[in-house]
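Let me begin by presenting the structure, written as structure tokens, before commenting on it.
The figures here come from the full heavy-atom set of this structure, side chains too, leaving out hydrogens, waters and symmetry mates.
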Amino acid sequence: MLSKQKIKFLNSLKMAKHRNTHKLFIAEGNINVRDFIRYGMKPTELYVTERWIERNPEQIEGVDYVEVSLDDLKKCTALKNPSEVLAVFDMPVSDTDLKVSNDELTLVLDDIKDPGNLGTIIRSADWFGVRNIVCSNETVDAYNPKVVQASMGSIARITISYCDLTDWFSKIKEDINVYGAVLNGQPLNKLVGKGKGILIIGSEAHGISADIMKFVNKPITIPHGRGGGAESLNASIATAILLYAFVNG
């Protein structure tokens, strides 16, 4: 049985200020927890139900865990339908001192606000082999429970960093390709295949900010399909399309 103090602590990790204070985050669900453990992230705390243990004996080999009831997990879940497994992990150390080159793609996110979008972007980046994501300080916290859930374990395989993007870009070499996803750039089929570099995705509401747009040397656009009339694409969908084009261009 979870104590009231432990339930209070676990619930506090739903808030960014407490995650940052303790340098801890929560993952829920079989796929999420399994992938974090599989990729070398040992949980500092692991809470599981008896039924989950019976169904997943191989996942707890060599891992300390506490058996709890589903009712206990309901008191601290961030999910609409609570999972039978909840884990607490150390937050990875952020590193913005990345070696950026035109031989691989680095994804930069400028003020992405929606947790679902960020989680989906992280999952897409993982699928297409992007290993580094650099976020503006205004971008939603990657360890927000909704982001972790939407990423489906992909956070375990990608380095995600937060910084002042203006300062970060000021240190990037001038010969690096900096692609910016905009509405009035060059069609992606004319630019993709001419080297990788940095791809910037702007906020859902305002796109790439003016301060960051000045670093873009290759504005890029996803052309409308024949007869298409939508003004814009969802940020996570646009990211997936662009990543596909870069990987297969």
Side-chain angles (χ1 to χ4, degrees), residues 39 92-113 117-140 142 147 151 153-204 206-225 232-249:
Y39 284 89
V93 177
S94 178
D95 179 18
T96 55
D97 187 21
L98 306 173
K99 293 181 180 179
V100 178
S101 75
N102 288 330
D103 295 324
E104 61 182 346
L105 196 63
T106 298
L107 186 60
V108 171
L109 305 179
D110 180 21
D111 203 15
I112 296 294
K113 294 293 191 185
N117 275 344
L118 179 56
T120 303
I121 287 171
I122 293 168
R123 190 176 180 186
S124 295
D126 183 27
W127 178 266
F128 290 112
V130 174
R131 298 274 64 91
N132 295 302
I133 298 178
V134 179
C135 302
S136 67
N137 287 325
E138 294 72 32
T139 293
V140 63
V147 177
S151 77
S154 288
I155 289 177
R157 293 180 288 274
I158 293 181
T159 298
I160 303 172
S161 307
Y162 284 77
C163 65
D164 182 306
L165 290 183
T166 300
D167 289 345
W168 187 79
F169 271 108
S170 68
K171 301 172 185 176
I172 298 298
K173 294 180 180 179
E174 292 184 0
D175 63 345
I176 297 296
N177 296 327
V178 181
Y179 298 91
V182 296
L183 294 176
N184 57 350
Q186 289 290 313
L188 65 87
N189 60 311
K190 292 186 178 181
L191 289 177
V192 169
K194 298 182 179 180
K196 297 181 182 177
I198 296 169
L199 172 62
I200 308 174
I201 304 296
S203 77
E204 298 90 342
H206 307 293
I208 300 171
S209 62
D211 287 343
I212 303 306
M213 192 66 203
K214 65 185 180 183
F215 296 104
V216 173
N217 53 38
K218 294 183 182 297
I220 191 169
T221 296
I222 300 171
H224 278 84
S232 63
L233 288 168
N234 171 277
S236 60
I237 292 174
T239 303
I241 293 171
L242 290 167
L243 293 180
Y244 173 84
F246 273 102
V247 168
N248 295 280

Minimum heavy-atom separation for [X] and [Y], please, with both atom names.
X      : Y      : value
Ile201 : Ala181 : CD1-CB, 3.9 Å
Arg157 : Tyr39  : NH1-CE1, 3.0 Å
Tyr179 : Val216 : C-CG1, 4.3 Å

Enumerate the salt bridge (Lys or Arg N to Asp or Glu O under 4.0 Å) contacts for residues 238-247, please, sequence neighbours excluded, ordered by first and then second residue.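 Sorted result for residues 238-247: empty, none.
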
After noting the C-alpha distance and the side-chain angles of Leu105 and Val247, does the key distance pass the side chain to side chain contact (heavy atoms under 4.5 Å, CB included) rule? CA-CA 9 Å; Leu105 196 63; Val247 168; over 6 Å; no

Partner set under ring pair (Phe, Tyr, Trp, His ring centres under 6.0 Å) for Phe169, not counting sequence neighbours |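 By the ring pair (Phe, Tyr, Trp, His ring centres under 6.0 Å) rule, Phe169 matches Phe215.
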
Side chain proximity check, [X] to [Y], heavy atoms < 4.5 angstrom:
X      : Y      : value
Ile121 : Leu107 : yes
Trp168 : Val100 : yes
Leu183 : Thr221 : no

Distance, nearest 0.5 Å, that separates [atom1] of [X] from [atom2] of [Y]:
X      : Y      : atom1 : atom2 : value
Asp110 : His206 : CG    : NE2   : 11.0 Å
Ile122 : Ser154 : CD1   : OG    : 8.0 Å
Leu109 : Leu199 : CG    : CG    : 8.5 Å
Ser124 : Leu242 : OG    : CG    : 11.0 Å
Ile133 : Leu118 : CD1   : CG    : 7.0 Å
Asp175 : Ser101 : CG    : OG    : 10.0 Å

**Prompt:** Under the side chain to side chain contact (heavy atoms under 4.5 Å, CB included) test, which residues partner Asn102, sequence neighbours left out?
**Reply:**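 For Asn102 the side chain to side chain contact (heavy atoms under 4.5 Å, CB included) partners, ignoring immediate neighbours, are Ile176, Asn177.
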
Review point. For Ala238, what residues pass the side chain to side chain contact (heavy atoms under 4.5 Å, CB included) criterion, not counting sequence neighbours?
Key: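 Expected list: Ile222, Leu233.
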
| query | Going by the side-chain hydrogen bond (donor to acceptor under 3.5 Å, both in side chains) test, which pairs reach into residues 128-139, not counting sequence neighbours? | reply |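 Output for this query lists Asp126-Arg131, Ser136-Thr139.
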
Worksheet item: Who passes salt bridge (Lys or Arg N to Asp or Glu O under 4.0 Å) against Lys113, sequence neighbours left out?
Response: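 For Lys113, the residues satisfying salt bridge (Lys or Arg N to Asp or Glu O under 4.0 Å) (neighbours in sequence not counted) are Asp111.
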
Q) Taking only residues two or more places apart in sequence or in another chain, which ones pass side-chain hydrogen bond (donor to acceptor under 3.5 Å, both in side chains) with Asn117? A)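 Residues passing side-chain hydrogen bond (donor to acceptor under 3.5 Å, both in side chains) with Asn117: Glu204, Asn234, Ser236.
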
In residues 158-167, what donor-acceptor pairs under 3.5 Å come from side-chain atoms, sequence neighbours left out?
residue : atom : partner : partner atom : Å
Ser161  : OG   : Asp95   : N            : 3.3
Ser161  : OG   : Asp95   : O            : 2.6
Tyr162  : OH   : Val140  : O            : 2.5
Tyr162  : OH   : Ala142  : N            : 2.7
Asp164  : OD1  : Thr166  : N            : 2.9
Asp164  : OD1  : Asp167  : N            : 3.1

